[in-house]
Protein chains: 2
Amino acid sequence: MLYLIGLGLSEKDLSLKAFELLNNIKNIYVDTYTNYFDFDLLWLEKALNKKVIPLSREDIEKIPTFLEIAKSEDVALLVSGDPLVATTHTDILLRAMKNGVQTKIFHASSIYSAIAETGLHIYRFGKTASIPYPEENYFPRSFYDVVIENKERNLHTMLLLDVKREKNLFMNPKEAIDILIKIDEDRKIKEIIIISRISHDTQRILYGDIYELAKFDNEFYGLPPHTLVVPADLHFAEEEYLLSLAEIYKNSKNK
Amino acid sequence: MLYLIGLGLSEKDLSLKAFELLNNIKNIYVDTYTNYFDFDLLWLEKALNKKVIPLSREDIEKIPTFLEIAKSEDVALLVSGDPLVATTHTDILLRAMKNGVQTKIFHASSIYSAIAETGLHIYRFGKTASIPYPEENYFPRSFYDVVIENKERNLHTMLLLDVKREKNLFMNPKEAIDILIKIDEDRKIKEIIIISRISHDTQRILYGDIYELAKFDNEFYGLPPHTLVVPADLHFAEEEYLLSLAEIYKNSKNK
């Protein structure tokens, strides 16, 4: 049996049910590669009195020995967030099923619902998109089309920022803003919201004009993870909530 | 301090962090009204050796004594799913802030990311909609417009089903399918996916032609909660996954 277990958004965000299960499992692995990952699992190793074995990208994608073991023993694979948000993990389940391994998922918190901490109503979000790092001779723009299509339907867009774990690169809001400004020639994007280190003690929510927020450097935005939102027109209740708790960076109507 | 704590999708889905916090809190309330709620919290009361006080809709919306207490003491309010998915809970936080009460959210699993158990890629979902119970002289159709708009962009639509807790009414997939068929005069909706009792031991995923699935009665679909998806064109990987794990009800290409 293969248990795919979500660790949620921050330390000890895994479910109580998953924690109880882990007490009875000998083979525990963790995928630190697919998503942004900043969990120190020492507390978990201590609490369980077991080693949690980190997997490399190769371990996960090419030589999945943990799948071999799962044919005859219980195996837990820990992943940050809610497991199936990353298609890599759906692939792992599919491969397990093809190998006759039963699977079970333990859900946990995810940015897909937690983004409501901004006060924006979850049912007003359209399709989510990711901003990738531009490469030489390749400046992707599909995420921008998503923003604009959502805007036309008066929907918010959640923008996930690129993670290149193998190069230790995690896109900073400043980099994301610069990409957005470069691509948005008609200046359709006026305001953005940034949520940093959601569910951590150091969580921050910033709201303001994109050109005001572009004035800050990478350091100002601090450690990852960060998520951006390009809001549609805000409902009264959304704006009231956002203004109550965010750091505001607006030019004209500065609060 | 007011702690808003997500219970997640099923028994013991709350986070370990939240569970540890509850050990140190005297005033623990639970909102059983806003969302579908099928948690038996006896295990929690036993584990904590404390009473968990259920709140009525009136307690929550009109006379929030728990907010009064939160001015001077720590108060925990438990809610199913991830807290801020329901705007009622955003309103509670806003009211707390206005009363000078500090707030903190403990996230948990939610259908918004767990819907990926269907194998559908989460980034291919457009705006979510809810199917309400039709009322006399009022047959709402905005959810249908959302489905069609998403379909035109080749995006999946997650459809949440109405809950009328005060009347003990939880919309069954059969009722939802009948509403969809009635409203979809041009027969644009061909296939649907139903996920029942997600994250419970009795979880089921059904996939098929809407007219095939319409043949079953309420009982066939079992106990709530249920969620529907109107899929866009399925990617190869999505279809492979879905066919591997769903109960299939297709007419022509029956598997």
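A, B, ... follow the sequence lines: proteins, then strands. Residue 1 opens every chain.
- No other option in A:Glu20, A:His89, A:Gln203, A:Met158 has as many heavy-atom pairs under 4.5 Å with chain B as A:Glu20.
- Sparse packing is recorded around CD of A:Gln102, with 12 or fewer heavy atoms of other residues, nucleotides or ligands lying under 6.0 Å away.
- For the salt bridge (charged side-chain N to carboxylate O under 4.0 Å, His left out) test, no residue two or more places apart in sequence or in another chain qualifies with A:Lys50.
- A:Leu14 touches chain B through backbone and side chain together, each having a heavy atom under 4.5 Å away.
- For B:Leu94 against A:Ser244, the heavy-atom pair with the smallest separation is CD1-OG, 3.4 Å.
- When the shell of 6.0 Å around CD of A:Glu45 is examined, it contains more than 12 heavy atoms from other residues, nucleotides or ligands.
- Note on A:Gly119, A:Ser10, A:Ala108, A:Ser199: by heavy-atom pairs under 4.5 Å with chain B, the leading option is A:Ala108.
- A 4.5 Å side-chain heavy-atom check between A:Leu21 and B:Lys12 finds every atom pair outside the cut-off.
- The two atoms that bring A:Arg153 and B:Glu149 nearest to each other are NE-OE1, 2.6 Å, heavy atoms only.
- Closest of all the heavy-atom pairs between A:Val85 and B:Ile122 is O-CG2, 3.6 Å.
- Of the atoms belonging to A:Glu238, not a single heavy atom falls under 4.5 Å from chain B.
- In this structure the side chain of B:Val146 never reaches within 4.5 angstrom of the side chain of A:Tyr123, judged on heavy atoms.
- Annotation for B:Lys164: atom NZ counts as buried by contact number, over 12 foreign heavy atoms lying within 6.0 Å.
- Applying the salt bridge (charged side-chain N to carboxylate O under 4.0 Å, His left out) test to pairs two or more places apart or on separate chains, those with a residue in residues 81-103 of chain A are A:Lys98-B:Glu240.
- For A:Asn23, the CG atom counts as densely surrounded, since its 6.0 Å shell holds more than 12 non-hydrogen atoms of other residues, nucleotides or ligands.
- The greatest number of non-hydrogen atom pairs below 4.5 Å with chain A, out of B:Ile111, B:Leu16, B:Leu84, is found for B:Leu16.
- Highest contact tally toward chain B, considering only A:Asn150, A:Ile115, A:Leu245, A:Ile198, is held by A:Asn150 [criterion: heavy-atom pairs under 4.5 Å].
- Proximity to chain B (any heavy atom under 4.5 Å) is shown, for A:Ala114, by both the backbone and the side chain.
- Within a 6.0 Å sphere centred on NZ of A:Lys51, heavy atoms belonging to other residues, nucleotides or ligands number 12 at most.
- Closest non-hydrogen pair, A:His107 versus B:Glu117, comes out as NE2-OE2, 2.7 Å.
- Counting non-hydrogen atoms of neighbouring residues, nucleotides and ligands closer than 6.0 angstrom, the CG atom of B:Asp201 reaches no more than 12 such neighbours.
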